[in-house]
Number of protein chains: 2
Amino acid sequence: MKKRIRIKDIADKAGVSTGTVDRVLHDRGNVAPDVKSKVLEVAKELGYERNRLASALAYNRTIRVATLLPNPEKDPYWKQTNFGIQKALKAVQHYGLLSEQFYFNLFSPKSFIASARQALEKKPRGILFPPIFSQEAHWLLDQCKEFNIPTVIINTNIKEATPLCYIGQDSYQSGVLGARLLNFGLTSGQTCCILNIDFNTKTAHHLLEKERGFRDYFVGNGNKQVEIIRKDFEGFNDRIQLCSFLKKLIREHHSLHGIFVTTSRTHKVADCLHEITDRKIKIVGFDLIDANLKYLQENKINFLINQNPAEQGFQGIMNLFKHLILKEKIEKIQYLPLDIVVKENAEYYRKRQMTFEIAI
Amino acid sequence: MKKRIRIKDIADKAGVSTGTVDRVLHDRGNVAPDVKSKVLEVAKELGYERNRLASALAYNRTIRVATLLPNPEKDPYWKQTNFGIQKALKAVQHYGLLSEQFYFNLFSPKSFIASARQALEKKPRGILFPPIFSQEAHWLLDQCKEFNIPTVIINTNIKEATPLCYIGQDSYQSGVLGARLLNFGLTSGQTCCILNIDFNTKTAHHLLEKERGFRDYFVGNGNKQVEIIRKDFEGFNDRIQLCSFLKKLIREHHSLHGIFVTTSRTHKVADCLHEITDRKIKIVGFDLIDANLKYLQENKINFLINQNPAEQGFQGIMNLFKHLILKEKIEKIQYLPLDIVVKENAEYYRKRQMTFEIAI
DNA sequence: TAATTTGCCGTGTGTGCGCACGTTTTATAT
DNA sequence: ATATAAAACGTGCGCACACACGGCAAATTA
């Protein structure tokens with residue numbers, strides 16, 4: 001049986017103390033050049049591998065980070081992200097990572113700035129946030145760069161920025177996928193609609209990417225003649241307004257048989273739609289929030305694409321942990337899978353979301 | 001800041017030594033009843049939580065287990081399972097879990113028995129295996145029970161048995177899901193076929209369950225009139241034989257427009273099919289092996305259901321680890337999600353399969 | 001009654017690594 | 001040559017746990 005190499009083994013063979021070996025292995029300086037090279041040589045020769053357990057145990061101090069999220073009480077999607085974050089924090093808190101949470105209003109760039117300022121005041125050693133407001137996100141990223149705070153961004157990727165990492169989906173590819181799922185059930189001559197139910201739809205990077213992917217699918221797979229239209233709608237909190245909007249939409253487009261809802265507000269569309277028409281219109285949307293799952297069970301939504309908000313949060317914290325405490329190298333872009341959810345497999349994904357586990 | 005409670009804190013407050021606290025917490029005996037209850041009381045009062053890091057570190061011994069798999073060199077599916085197992089072993093080996101692997105011939109119950117005997121001879125502290133041959137699997141489970149060896153079964157569940165846990169999919173539900181995916185692209189009056197490409201299709205529990213689920217979907221969702229037929233085929237290693245079998249099938253069933261292949265040999269069907277007919281026949285099959293992915297990319301397979309073999313192996317070892325070393329309670333049935341894989345999201349799942357990670 | 005066994009519990013040691021804190025050696029300045 | 005600073009390096013603590021060992025008292029046996 002192969003015996004594990006300890007730093008003491010290196011120390012003995014190199015004729016130094018374990019402290020010196022540690023200094024060399026962690027580049028903490030104050031080691032004579034010849035001693036350093038000798039230690040490295042012996043470590044390589046013996047095939048040293050760090051015992052992460054003992055390492056984490058000995059690294060006996062706490063590091064505080066900050067998370068910046070839309071208020072999870074006001075939005076079921078961000079509630080899931082928050083859940084994943086909490087799970088991860090609980091898992092790593094005893095290993096020295098603590099976090100303070102800051103929340104902002106999902107529709108107010110100003111409240112984002114305000115919360116960000118609060119977070120920065122605490123001088124955290126790391127920050128996690130979704131760059132929902134492009135301009136404000138860039139400002140925060142600049143601030144973090146200035147103060148040398150590693151940053152994890154989730155949910156929406158942002159160009160011309162170099163955070164520690166991005167964790168989320170490939171928006172373009174999710175658009176392509178949405179197109180395939182709709183196309184599978186459409187026939188030639190029918191129309192489908194890209195529907196953005198959100199604010200700021202003209203500038204939101206991830207929504208534009210979804211649209212681009214959606215359109216590209218039909219260009220590349222031109223076996224069917226399908227017309228594509230795109231609509232934006234902002235007044236989604238007023239059900240009557242949404243109903244009349246959709247009524248107008250299906251009146252003007254007689255061959256409309258598919259809607260690709262680019263946000264988690266898919267349920268609002270399903271809710272109105274089955275009331276105002278008998279036409280079989282297929283719906284593909286996003287996210288496993290309860291309201292969506294209800295309509296999925298009732299076959300009023302055909303497919304949901306899971307953006308894995310809980311895992312985004314979970315992995316986000318885990319990456320800060322790996323970077324700050326385990327000092328591992330972090331992959332810059334970490335795309336999460338595009339889970340296709342239907343009635344039959346929804347329960348497993350929902351359950352998985354609730355039961356993140358950490359191995360040790 | 002909340003301070004973590006150590007066993008020393010309990011010892012001090014209860015007026016005993018840390019050794020006694022340890023004896024109580026691990027039920028190692030030799031503690032007077034009144035002292036034991038006092039210690040438990042104090043532990044609860046202080047809100048003690050075990051430091052799993054230090055615990056695992058101090059628990060300084062190795063436990064050997066055994067895994068029993070179909071030869072991964074001979075089958076791409078089991079190669080992935082094996083990969084997941086290796087990854088998990090690498091992650092936990094330094095924490096005291098070692099494993100010896102035993103392989104058998106996928107088509108030979110006798111070789112299964114032979115390998116199982118070899119494994120048992122080594123007196124492992126745990127066993128992991130997929131119960132492919134029903135009768136022989138029961139024999140092994142009985143043996144394990146007799147010798148008191150905790151057992152993890154993967155891939156196929158087995159009734160009337162009480163292993164430590166089962167990790168895999170819900171076969172019935174995967175049949176229902178297959179039906180939905182096919183149905184989404186079929187129209188009334190068309191025919192679809194359940195195709196078992198395997199040996200022992202009459203008795204294989206998971207294949208029968210898939211068929212049952214598949215049929216039940218159409219009973220429950222009778223909005224379309226779809227005829228269902230079922231075929232078995234064993235000579236899948238002879239391409240010419242398979243081609244003529246399929247030729248006959250599509251000749252006899254003019255309205256056949258969908259095939260549900262219940263095993264990972266989906267690619268063999270796709271391979272023959274596009275050669276012998278121009279008819280658009282949709283294919284739904286199982287598993288992300290390279291051959292299947294190739295046809296998925298070429299749009300010759302429409303959907304693949306991922307059985308997550310790698311994760312089955314990974315979680316299987318992890319559960320042995322949790323049970324034997326961390327002494328945690330194990331959930332009896334752990335269903336893995338039914339991932340729906342299409343061209344657009346295949347890459348993410350493939351990548352995830354390759355990059356299992358352990359947090360610490 | 002003396003001798004032995006048994007139960008109960010404390011003490012000490014080893015396990016792994018990182019780092020604060022000493023101590024020693026070397027280099028620079030006066 | 002001496003004082004001071006700086007660099008180099010060793011020591012011990014933290015943490016949970018298993019295990020060996022030993023002491024003491026009570027219970028049992030010869």
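Letters A, B, ... are given to chains in the order of the sequence lines, protein chains preceding strands, and every chain is numbered from 1.
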Nucleotide [N], atom [atom2] - distance to [atom1] of [X] in whole Å:
| X | N | atom1 | atom2 | value |
| --- | --- | --- | --- | --- |
| B:Asp12 | D:dC15 | CG | C1' | 14 Å |
| B:Ile5 | D:dA16 | CD1 | C1' | 15 Å |
| A:Asp9 | C:dT15 | CG | C1' | 12 Å |
| A:Asn30 | C:dT26 | CG | C1' | 13 Å |
| A:Leu25 | C:dG18 | CG | P | 7 Å |
| B:Arg6 | D:dC13 | CZ | P | 14 Å |
| B:Asp22 | D:dA18 | CG | P | 5 Å |
| A:Asp34 | C:dT26 | CG | P | 12 Å |

Between [X] and [N], is there a contact of a side-chain N or O with OP1 or OP2 at under 4.0 Å?
| X | N | answer |
| --- | --- | --- |
| A:Ser17 | D:dG10 | yes |
| A:Tyr48 | C:dC17 | yes |
| B:Thr18 | D:dC17 | no |
| A:His26 | C:dC19 | no |

* Among the nucleotides D:dA18, C:dC17, D:dC9, which one has an atom lying closest to any side-chain atom of A:Val35? ->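 Shortest atom-to-atom distance from the side chain points to D:dC9.
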
Does a salt bridge link [X] with [Y], judged by any charged N lying under 4.0 Å from a carboxylate O?
| X | Y | value |
| --- | --- | --- |
| B:Asp34 | B:Lys38 | no |
| A:Asp27 | A:Lys36 | yes |
| B:Asp9 | B:Arg6 | yes |

* Asked: Is any side-chain N or O of A:Arg23 under 3.5 Å from a base N or O of D:dG10, one able to act as donor and the other as acceptor?
  ->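 Under the 3.5 Å cut-off, the side chain and the base do form a donor-acceptor pair.
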
* Passing candidate, side-chain contact (heavy atoms from CB on, under 4.5 Å) with B:Leu68, options B:Leu140, B:Leu128, B:Leu120 -> B:Leu140

* To do: Verify whether one side chain among B:Gln315 and B:Asn308 offers a donor that lies under 3.5 Å from an acceptor in the other.
  =>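 No, no side-chain donor-acceptor pair sits under 3.5 Å.
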
